[in-house]
Amino acid sequence: MGGEFFAVNEEFGFSVPDMGGEVYFARVGVEANYNRYALGVSSMLPISQN
């Protein structure tokens with residue numbers, strides 16, 4: 001599980017509309033190992049966003 005938080009952007013002292021907020025992710029992944037090699041794939045799916 002992970003999350004990201006974004007502050008509101010400002011330009012010339014004014015807030016840019018529709019910017020800032022937060023999003024929470026669920027992460028799913030698979031990894032395979034063979035001798036010295038590893039191969040992995042992962043995906044992050046949004047659970048909640050604002």
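- With sequence neighbours left out, Arg27 forms a side-chain contact (heavy atoms from CB on, under 4.5 Å) with Ser42, Met44.
- By the side-chain contact (heavy atoms from CB on, under 4.5 Å) test, Glu22 pairs with Phe5, Tyr24, Asn50, sequence neighbours left out.
- By the side-chain contact (heavy atoms from CB on, under 4.5 Å) test, Asn33 pairs with Glu31, Ala38, sequence neighbours left out.
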